[in-house]
Participant: 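So that we are looking at the same thing, I have put the structure below in structure tokens.
Within every chain, numbering begins at 1; the chains are lettered A, B, ... in the order of the sequence lines, protein sequences first and strands thereafter.
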Protein chains: 2
Amino acid sequence: MVCLMAPRFDPASVTPLFEQAADYVAGQIEVGELAPGQKLPAERDLADEWGIAYQTVRRAMRELRERGLVVSRVGKGTFVASGSQPT
Amino acid sequence: MVCLMAPRFDPASVTPLFEQAADYVAGQIEVGELAPGQKLPAERDLADEWGIAYQTVRRAMRELRERGLVVSRVGKGTFVASGSQPT
DNA sequence: GGCGATTTGTACGTATGTATT
DNA sequence: CAATACATACGTACAAATCGC
């Protein structure tokens, strides 16, 4: 099971929460903590675990999708994209 | 067959729809209109009858489950919990 | 055992309203 | 005013369990 421990995002930071969240996941992928094909927790679960709003997680995931780092499918989940490895 | 007439929930109210729905069912149980062991209509049917979204009914049912008023089983349905009577 | 219908459960996608900064 | 964030609600797709045939 993928964990993605609570990374304590900072609401007071100049970088917005959705950016912090996206960068955090991107980092986990780069480091290899999240492997291609691996399923992420549900967005609403992440919202709960991270203590931020669902729509903020949505936006973070949108960022990651646009960067090609993850792929989402309705009814299935969000997965680390194939070819998102640190070479 | 259990009916649970359309109670005309108010989308403009400060109390959210899922809360209104949960309170409505809870009231029916308290009054004895719904007896322990009795099967509720399917969640999607309730959504239709009440004119609200399935996921909103889901959340109302979640509330009721957390209050111990109903029990749900996959493939079977949702039932009024034993010990949910008005004493 | 298989198949279809029923029903709850899970999950992403989208829209809107409100509050705060 | 605009961007961010939160909460609610609706829509849709996919999944698993149960039951009757």
Side-chain angles (χ1 to χ4, degrees), chain A residues 1-4 6-25 34 37-81, chain B residues 1-4 6-25 34 37-81:
Chain A
M1 181 34 183
V2 189
C3 232
L4 287 184
R8 297 173 154 293
F9 300 126
D10 179 17
S13 169
V14 282
T15 62
L17 281 179
F18 71 85
E19 196 72 37
Q20 296 179 46
D23 289 344
Y24 169 70
V25 176
L34 293 173
Q38 198 163 21
K39 185 181 187 296
L40 271 59
E43 295 174 342
R44 283 170 171 92
D45 288 343
L46 287 178
D48 285 345
E49 289 177 26
W50 292 345
I52 63 180
Y54 166 61
Q55 293 294 357
T56 304
V57 175
R58 287 282 309 155
R59 182 139 182 208
M61 289 303 166
R62 194 182 72 184
E63 292 272 322
L64 293 169
R65 278 192 297 271
E66 286 169 356
R67 295 188 208 170
L69 291 180
V70 302
V71 177
S72 302
R73 287 197 210 110
V74 177
K76 305 268 293 185
T78 298
F79 306 82
V80 179
Chain B
M1 183 30 183
V2 189
C3 230
L4 288 184
R8 299 172 154 292
F9 299 126
D10 178 17
S13 169
V14 283
T15 63
L17 281 179
F18 73 86
E19 195 75 36
Q20 295 179 47
D23 288 346
Y24 170 70
V25 175
L34 294 172
Q38 199 164 20
K39 184 181 188 295
L40 271 59
E43 294 172 344
R44 285 172 171 91
D45 289 343
L46 288 177
D48 285 346
E49 290 176 25
W50 292 346
I52 64 180
Y54 165 61
Q55 293 293 353
T56 304
V57 175
R58 289 278 312 155
R59 180 139 182 205
M61 289 303 167
R62 194 182 71 183
E63 291 272 317
L64 293 169
R65 277 193 297 272
E66 286 170 356
R67 296 187 208 170
L69 291 180
V70 302
V71 177
S72 301
R73 289 198 209 110
V74 177
K76 304 260 297 183
T78 299
F79 306 82
V80 179

Participant: Without decimals, in angstroms, what is the distance between B:Leu46 CG and C:dT6 P?
Facilitator: 16 Å

Participant: A:Asp48 CG to D:dA7 C1': how many Å, rounded?
Facilitator: 13 Å

Participant: Which donor-acceptor pairs under 3.5 Å do side chains of residues 52-60 of chain A form with protein atoms, sequence neighbours excluded?
Facilitator:
| unit_1 | atom_1 | unit_2 | atom_2 | d |
| --- | --- | --- | --- | --- |
| A:Tyr54 | OH | A:Arg44 | NH1 | 3.3 |
| A:Arg58 | NH1 | A:Glu43 | OE1 | 3.2 |
| A:Arg58 | NH1 | A:Glu43 | OE2 | 3.3 |

Participant: Looking at every heavy atom in both B:Ala22 and B:Leu64, which two are closest together, and how far apart are they?
Facilitator: O-CD2, 3.4 Å

Participant: Taking the side chain of A:Ser72 as its heavy atoms from C-beta onward, which of D:dT8, C:dC12, C:dT8 lies nearest to it?
Facilitator: C:dC12

Participant: When B:Leu34 is tested against each of B:Val80, B:Val70, B:Leu69 for side-chain contact (heavy atoms from CB on, under 4.5 Å), which residue passes?
Facilitator: B:Val80

Participant: To the side chain of A:Phe18, which of C:dG13, D:dA5, D:dC14 is closest?
Facilitator: D:dA5

Participant: Encode nucleotides 16-21 of chain D as B, S and - characters from 5' to 3', where the letter depends on protein heavy atoms closer than 4.0 Å: B to the base, S only to sugar-phosphate, - to neither.
Facilitator: BBSS--

Participant: Determine, for nucleotides 15-21 of chain C in 5'-to-3' order, which nucleotides have protein heavy atoms under 4.0 Å from the base (write B), from only the sugar-phosphate (write S), or from neither (write -).
Facilitator: B------

Participant: Which part of the nucleic acid, if any, lies within reach of B:Arg62 when heavy atoms closer than 4.0 Å are counted: base, sugar-phosphate only, or nothing?
Facilitator: nothing

Participant: Mind calculating the distance between CG (A:Asp45) and P (C:dG9) to the nearest angstrom?
Facilitator: 15 Å

Participant: Provide, to the nearest angstrom, the distance between the CH2 atom belonging to B:Trp50 and the P atom belonging to D:dA9.
Facilitator: 13 Å

Participant: Quick one: B:Glu63 CD to D:dA7 P, roughly how many Å, whole number?
Facilitator: 14 Å

Participant: Does A:Glu19 have any side chain to side chain donor-acceptor pair (under 3.5 Å) partners at least two apart in sequence or in another chain, and if so, which?
Facilitator: A:Arg67

Participant: So, does A:Arg44 get its side chain near the phosphate of D:dT8, meaning an N or O under 4.0 Å from OP1 or OP2?
Facilitator: no

Participant: What's the closest nucleotide to the B:Ala42 side chain, out of D:dC6, C:dG9, C:dT8?
Facilitator: C:dT8

Participant: Under 4.0 Å between a side-chain N/O of B:Arg58 and OP1 or OP2 of C:dG9, yes or no?
Facilitator: yes

Participant: Considering only heavy atoms from C-beta outward, does the side chain of B:Leu46 approach that of B:Val25 to under 4.5 Å?
Facilitator: no

Participant: Taking only residues two or more places apart in sequence, or in another chain, which ones meet A:Ser72 in a side chain to side chain donor-acceptor pair (under 3.5 Å)?
Facilitator: A:Arg65, A:Thr78

Participant: Might you point out which heavy atoms bring B:Phe9 and B:Pro11 nearest each other, and give the distance in Å?
Facilitator: O-CD, 3.3 Å

Participant: Report yes if at least one side-chain N or O of A:Thr56 is closer than 4.0 Å to OP1 or OP2 of D:dT4; otherwise report no.
Facilitator: no

Participant: Take atom CD of A:Glu43 and atom P of D:dC6, then tell me their distance rounded to the nearest Å.
Facilitator: 15 Å

Participant: Tell me: CZ of B:Arg59 to C1' of D:dG11, nearest whole Å?
Facilitator: 17 Å

